[in-house]
2 protein chains.
Amino acid sequence: MNETLQALAEPNRFKIVELLKKGPLTVGEIADSLHLRQPQVSKHLKVLSEAGLVQVQPEANRRIYKLRAQPFQEFQNWLHSFQQIWEGRLDSLDVYLQKLQNKKKK
Amino acid sequence: MNETLQALAEPNRFKIVELLKKGPLTVGEIADSLHLRQPQVSKHLKVLSEAGLVQVQPEANRRIYKLRAQPFQEFQNWLHSFQQIWEGRLDSLDVYLQKLQNKKKK
DNA sequence: CTAGAATATTCCTAGTTGGTAATATTTGAA
DNA sequence: TTCAAATATTACCAACTAGGAATATTCTAG
């Protein structure tokens, strides 16, 4: 989960992921699209790969990269755990202030 | 969006967000729970605040921090844009290989 | 008004990381 | 087998940042 976040937090890696949403691409195509140097793209893809966000399929001397579904789904699950919060406890601040008051009076 | 990711990518800030899911807390309470020093917690909260992930409510000489819904919702929207992908194009790799073949034969 | 608690800020340092350049590796084609 | 294209790897540097220590600020209580 945290590895996923760290991988996505880098702006160029985020752009790479956005690109791959449209479909699989080779390293060179990504470099061209984003105006990045090839070694940098390879390094970013390595990070994304180690985080499990992309998978690679060798094809001749090209490497075709594509997104993997799982980490994004786990991400959604995590975000889902927030949803209840905004509903059930719309603003528990008042409750909290009560709690503080009680402590003070102990 | 990217600021949100960068804020969440730091492990201790992630823990702070997880803590705040259970309800608003003061700086000191966060520091105690996570075994962090107060200045560090203040600094992390500043980053989270500037990213719009938390909001603060001064109460005497305490500052009560709580999560803000919006950035998490935007996050969900972003992730939602992936959902169609795993369905419609389950594995467009074959299609892509066709494309490569065509280019080669041009 | 003073003391102390809670929090923010500043300065410094060490570790991390993105970018570049150069090089190595792999593969198809001549 | 030799060349060129595509990609990965390495070494290096500059920039960023988290952590720690010290200090400043704000507020309450007495």
Side-chain angles (χ1 to χ4, degrees), chain A residues 2-17 19-20 24-51 53-66 96-97 99-106, chain B residues 2-17 19-20 24-51 53-66 96-97 99-106:
Chain A
N2 212 282
E3 200 177 5
T4 301
L5 281 168
Q6 284 186 346
L8 285 175
E10 207 285 320
N12 282 326
R13 283 198 290 268
F14 185 85
K15 289 179 192 167
I16 291 177
V17 169
L19 251 188
L20 290 178
L25 290 173
T26 66
V27 176
E29 290 172 322
I30 296 172
D32 289 347
S33 287
L34 301 183
H35 305 290
L36 299 174
R37 319 263 173 181
Q38 172 266 316
Q40 211 51 29
V41 173
S42 284
K43 275 195 256 183
H44 283 316
L45 285 170
K46 188 178 181 182
V47 174
L48 290 171
S49 177
E50 284 172 350
L53 288 169
V54 303
Q55 76 190 88
V56 58
Q57 158 126 6
E59 190 63 29
N61 60 348
R62 317 272 177 100
R63 306 272 177 115
I64 304 175
Y65 283 87
K66 57 184 293 198
Y96 188 82
L97 292 182
K99 202 177 64 181
L100 279 187
Q101 284 296 330
N102 292 342
K103 279 183 187 171
K104 200 183 300 179
K105 288 176 180 168
K106 253 180 210 170
Chain B
N2 211 282
E3 200 177 3
T4 302
L5 281 168
Q6 284 186 345
L8 285 175
E10 206 286 321
N12 282 326
R13 283 198 290 269
F14 186 85
K15 289 179 191 167
I16 291 176
V17 169
L19 250 189
L20 291 177
L25 290 174
T26 67
V27 177
E29 289 172 325
I30 296 171
D32 288 348
S33 285
L34 302 182
H35 303 292
L36 299 173
R37 319 263 173 180
Q38 173 267 315
Q40 213 52 30
V41 173
S42 285
K43 277 191 253 182
H44 283 316
L45 285 169
K46 187 178 182 183
V47 174
L48 289 171
S49 177
E50 285 172 351
L53 287 169
V54 303
Q55 75 189 90
V56 58
Q57 157 128 4
E59 190 63 30
N61 60 346
R62 316 276 176 96
R63 306 273 177 114
I64 304 176
Y65 284 87
K66 57 184 291 196
Y96 188 82
L97 292 182
K99 202 177 63 182
L100 279 188
Q101 284 296 328
N102 292 342
K103 279 183 187 172
K104 200 184 303 178
K105 287 176 181 169
K106 253 181 210 168

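Residue numbers begin at 1 in each chain, while the letters A, B, ... track the order of the sequences.
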Check: A:E29 side chain, A:T26 main-chain N or O, donor-acceptor pair, under 3.5 Å:
yes
I'd like to know if the side chain of B:R63 and the backbone of B:V56 have a donor-acceptor N/O pair within less than 3.5 Å.
no
Determine whether B:I16 and B:L34 make a side-chain contact, defined as any pair of heavy atoms from C-beta on separated by less than 4.5 Å.
yes
Measure from the side chain of B:T26, starting at C-beta and using heavy atoms only, and say which of D:dC27, C:dT7, C:dG19 lies closest.
C:dT7
Shortest non-hydrogen separation from B:L53 to B:A7 and the atoms involved
CD1-CB, 3.7 Å
Residue A:S42, side-chain heavy atoms: nucleotide from C:dA8, C:dT10, D:dT9 that is nearest
D:dT9
Whole-Å distance, A:L8 CG to C:dG18 P, equals 13 Å
Side chains of B:I30 and B:L36 in contact at under 4.5 Å (non-hydrogen atoms):
no
Using whole Å, report how far CG of B:N61 lies from P of C:dA8.
11 Å
Candidates D:dA18, C:dG18, D:dT7 - which lies nearest the side chain of B:H44
D:dA18
Rounded interatomic separation in angstrom, taking CG from A:L45 and C1' from D:dT9
14 Å
In whole angstrom, what separates B:Q57's CD from C:dT7's P?
14 Å
Starting at the 5' end of DNA chain C, which residue's closest nucleotide do you reach first, B:V56 or A:Q40?
B:V56
Rounded to the nearest 0.5 Å, the CG atom of A:L45 sits from the CZ atom of A:R13 at a distance of 10.0 Å
Taking for A:R63 and for A:N12 the nucleotide of DNA chain C with the nearest heavy atom, the one nearer the 5' end belongs to A:N12
For B:P39, report the nucleic acid contact type (base, sugar-phosphate, nothing); a contact means any heavy atom under 4.0 Å.
base
Assess whether one donor atom and one acceptor atom, taken from the side chain of A:K43 and the base of C:dT20, lie less than 3.5 Å apart.
yes
When the distance from CD1 of A:I64 to C1' of D:dT7 is rounded to whole Å, what number comes out?
13 Å
Heavy-atom closest contact (B:L19 atom, B:S33 atom, distance)
CD1-CB, 3.5 Å
Using atom CD of B:E50 as one end and atom C1' of C:dT9 as the other, report the distance to the nearest whole Å.
13 Å
Can you tell me how far C1' of D:dT17 sits from CZ of B:R13, to the nearest Å?
9 Å
For C:dA8 and B:Y65 - does any side-chain N or O of the residue sit under 4.0 Å from the phosphate oxygens OP1/OP2?
yes
Go through residues 30-38 of chain B and report each residue with a non-hydrogen atom lying under 4.0 Å from DNA chain C, sorted by number.
B:Q38
Would you say B:R62 places a side-chain N or O within less than 4.0 Å of OP1 or OP2 belonging to C:dA5?
no
In whole Å, I'd like the distance from the CD atom of A:E10 to the P atom of D:dA15.
16 Å
